[in-house]
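Let me begin by presenting the structure, written as structure tokens, before commenting on it.
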Amino acid sequence: MLKNRFLLSITLCLLVCVSCGKYSKLLKGTDNEAKYNAALDYYEKKNYDRALQLFDVMQAYYRNKPEGENISYLTAECYFNKKEYIVASSYYKRYVTRYPMASHTEEAFFKSADCYYIISPPITLDQDDTYTAIKEFTSFIEIYPNSPRVPEASAKIDTLKIKLEEKDYLVCELYFKMEEYQAAITSYEAFLKEYPTTSHREEILNNMVINYYRYAENSVKAKQRERYELALEKYNTLCYVFPDSEYISKLEPTINKIREKLEQYK
């Protein structure tokens, strides 16, 4: 049993050595056609590292030939399949620039954007890649308005915009929880202006009532009346826009206090 395993290991090592020797000889050789065919074979077998090495040494030779276009596109595909998305995106862009009317140009344009969509980070992190993905998908739709990929691009833009919305909402919530009253008010107002159809509108109106009330309570007397009135204004907006909101009954004790405070100014 042990002897058989030992022989098998030796055989595998010899096969690997022979394979590496052939590949090294091919890589250093001058037969570009053999390199090209081998690169395609490696690509089909998902051995992207070896395919990339061969594509790289052949690019200059095939630059102005039909194979050059395929090498350029498959190089980007190799990096995409290796999940090296930033590098892949740059190669897709290079392909689009070099071959603007080629068979894979539309797909390369889409995939360049998709690379940034894939690496778009969680909402707690910097969203530069998210903005880049939105920009590139938008450009794709403008350039290829009749592409069958437009619905997918539009859906991904919507997903990315929701992510940005949620990130901005977290900032608002942070100010609110930290009782940074003015910052919370400013951020909530800016948020509602930026996202008028947000699903968070009901909760924001509730929080703004509470925030204005707390702000008034912690203000100098000269500022209290105005802030109580703003709290009541947000409450009335909540009642008008969301008449069945569960927040209305929860806010009643606070609203009663506000009304009592305002009565003192009459």
Side-chain angles (χ1 to χ4, degrees), residues 27 35-171 194-195:
L27 192 63
K35 289 179 185 179
Y36 181 73
N37 290 328
L40 295 181
D41 186 55
Y42 282 126
Y43 177 81
E44 290 298 323
K45 292 177 179 177
K46 300 182 180 181
N47 190 336
Y48 301 119
D49 289 323
R50 285 196 171 185
L52 279 169
Q53 282 186 294
L54 289 169
F55 286 146
D56 186 56
V57 299
M58 289 187 293
Q59 284 200 26
Y61 178 79
Y62 283 115
R63 184 176 300 277
N64 297 315
K65 299 178 182 180
E67 293 88 347
E69 178 198 328
N70 200 36
I71 288 171
S72 180
Y73 182 71
L74 291 181
T75 296
E77 289 282 273
C78 283
Y79 283 113
F80 185 87
N81 290 321
K82 280 164 59 66
K83 303 185 188 305
E84 295 182 29
Y85 297 112
I86 296 294
V87 180
S89 181
S90 69
Y91 274 97
Y92 284 127
K93 289 185 178 73
R94 183 181 299 181
Y95 176 86
V96 170
T97 301
R98 287 181 178 174
Y99 308 100
M101 304 299 291
S103 59
H104 295 297
T105 303
E106 181 181 319
E107 184 70 9
F109 204 127
F110 181 89
K111 280 197 161 183
S112 174
D114 206 32
C115 286
Y116 284 97
Y117 176 83
I118 293 169
I119 63 173
S120 176
I123 60 175
T124 54
L125 302 178
D126 182 85
Q127 295 298 308
D128 282 350
D129 291 331
T130 304
Y131 284 109
T132 300
I134 291 173
K135 181 181 177 181
E136 293 201 6
F137 276 130
T138 302
S139 295
F140 174 82
I141 292 170
E142 290 173 353
I143 295 171
Y144 300 101
N146 299 317
S147 170
R149 303 298 293 267
V150 165
E152 183 181 357
S154 297
K156 288 186 173 182
I157 288 173
D158 290 341
T159 299
L160 294 167
K161 286 183 175 180
I162 289 172
K163 178 181 284 190
L164 295 178
E165 178 183 332
E166 291 303 310
K167 181 175 179 64
D168 288 347
Y169 184 66
L170 282 181
V171 174
E194 179 71 19
Y195 308 103

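Between Ser120 and Leu160, the closest heavy-atom pair is OG-CD2, 3.7 Å. Contact between Thr105 and Ala102 at its shortest, heavy atoms only, is OG1-N, 3.0 Å. Minimum heavy-atom separation, Gln127 to Ile123: NE2-CA, 3.7 Å. The heavy-atom pair separating Ala88 from Cys115 by the smallest distance is CB-SG, 3.9 Å. When all heavy atoms are compared, the tightest approach of Ala133 to Tyr117 is CB-N, 3.6 Å.
Rounding to the nearest 0.5 Å places SG of Cys78 at 13.5 Å from CZ of Arg50. Considering CD of Glu107 and CG of Asp114, their distance stands at 9.0 Å, rounded to 0.5 Å. Taking OH of Tyr48 as the reference point, atom OH of Tyr42 lies at 15.0 Å (rounded to 0.5 Å). With rounding to the nearest 0.5 Å, the separation of CD in Glu67 from CG in Leu40 is 9.5 Å. Here the CD1 atom belonging to Ile162 is positioned 15.0 Å from the OH atom belonging to Tyr169, to the nearest 0.5 angstrom. Separating the CG atom in Asn64 from the CZ atom in Arg98 is a distance of 9.5 Å, to the nearest 0.5 Å.
Side chains of Ile157 and Lys161 form a contact here, defined as non-hydrogen atoms less than 4.5 Å apart. Using a 4.5 Å heavy-atom threshold, the side chains of Asp49 and Lys82 count as touching. Arg94 has its side chain out of reach of Thr75: every pair of non-hydrogen atoms, C-beta onward, lies at least 4.5 Å apart. You'll find the side chain of Tyr92 reaches within 4.5 Å of the side chain of Phe80, heavy atoms only.
Every residue meeting the side-chain hydrogen bond (donor to acceptor under 3.5 Å, both in side chains) condition with Ser103, not counting sequence neighbours, appears here in chain and number order: Glu69. Residues satisfying the salt bridge (charged side-chain N to carboxylate O under 4.0 Å, His left out) criterion with Lys65, sequence neighbours excluded, are absent altogether. Looking at residues two or more places apart in sequence or on another chain, you find a side-chain contact (heavy atoms from CB on, under 4.5 Å) between Asn37 and Glu33. With sequence neighbours excluded, no residue forms a side-chain hydrogen bond (donor to acceptor under 3.5 Å, both in side chains) with Thr97. For the salt bridge (charged side-chain N to carboxylate O under 4.0 Å, His left out) test, residues two or more places apart in sequence or in another chain that qualify with Lys45 are Asp41. Applying the ring pair (Phe, Tyr, Trp, His ring centres under 6.0 Å) criterion to Tyr95, with sequence neighbours excluded, gives Tyr73, Tyr99. Every residue meeting the ring pair (Phe, Tyr, Trp, His ring centres under 6.0 Å) condition with Tyr79, not counting sequence neighbours, appears here in chain and number order: Tyr91. Applying the side-chain hydrogen bond (donor to acceptor under 3.5 Å, both in side chains) rule to Glu152 yields the partners Arg149, Lys156; only residues at least two apart in sequence or on another chain are considered. For Thr132, there are no side-chain hydrogen bond (donor to acceptor under 3.5 Å, both in side chains) partners, not counting sequence neighbours.
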List the atom pairs, donor and acceptor, that lie under 3.5 Å between side-chain atoms in residues 138-146 and the rest of the protein, sequence neighbours left out.
from   : atom 1 : to     : atom 2 : distance (Å)
Thr138 : OG1    : Ile134 : O      : 2.7
Ser139 : OG     : Lys135 : O      : 3.1

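Checked by atom type and distance alone, the side chain of Thr159 pairs as donor or acceptor with a backbone atom of Ala155 at under 3.5 Å. In this structure a side-chain-to-backbone donor-acceptor pair under 3.5 Å is missing from Ser89 to Ile86. Looking at Ser112, its side chain never comes within 3.5 Å of a backbone N or O of Phe109 through a donor-acceptor pair. Looking only at distances, a side-chain donor or acceptor of Lys163 sits under 3.5 Å from a matching main-chain atom of Pro121.
With 3.5 Å as the limit, one finds no donor-acceptor pair spanning the side chains of Tyr62 and Asn70.
For the salt bridge (charged side-chain N to carboxylate O under 4.0 Å, His left out) condition, the pairs that include at least one residue of residues 72-81, sequence neighbours left out, are Glu77-Lys111. Evaluation of the salt bridge (charged side-chain N to carboxylate O under 4.0 Å, His left out) test over residues 51-60, restricted to residues two or more places apart or in two chains, returns none.
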**Study point:** Leu52 vs Tyr43, side-chain contact (heavy atoms from CB on, under 4.5 Å): CA-CA, chis, key distance, verdict
**Key:** CA-CA 8 Å; Leu52 279 169; Tyr43 177 81; over 6 Å; no
Practice item. Would you check, one step at a time, whether the test side-chain contact (heavy atoms from CB on, under 4.5 Å) holds for Tyr61 with Ile71? Key: CA-CA 11 Å; Tyr61 178 79; Ile71 288 171; over 6 Å; no
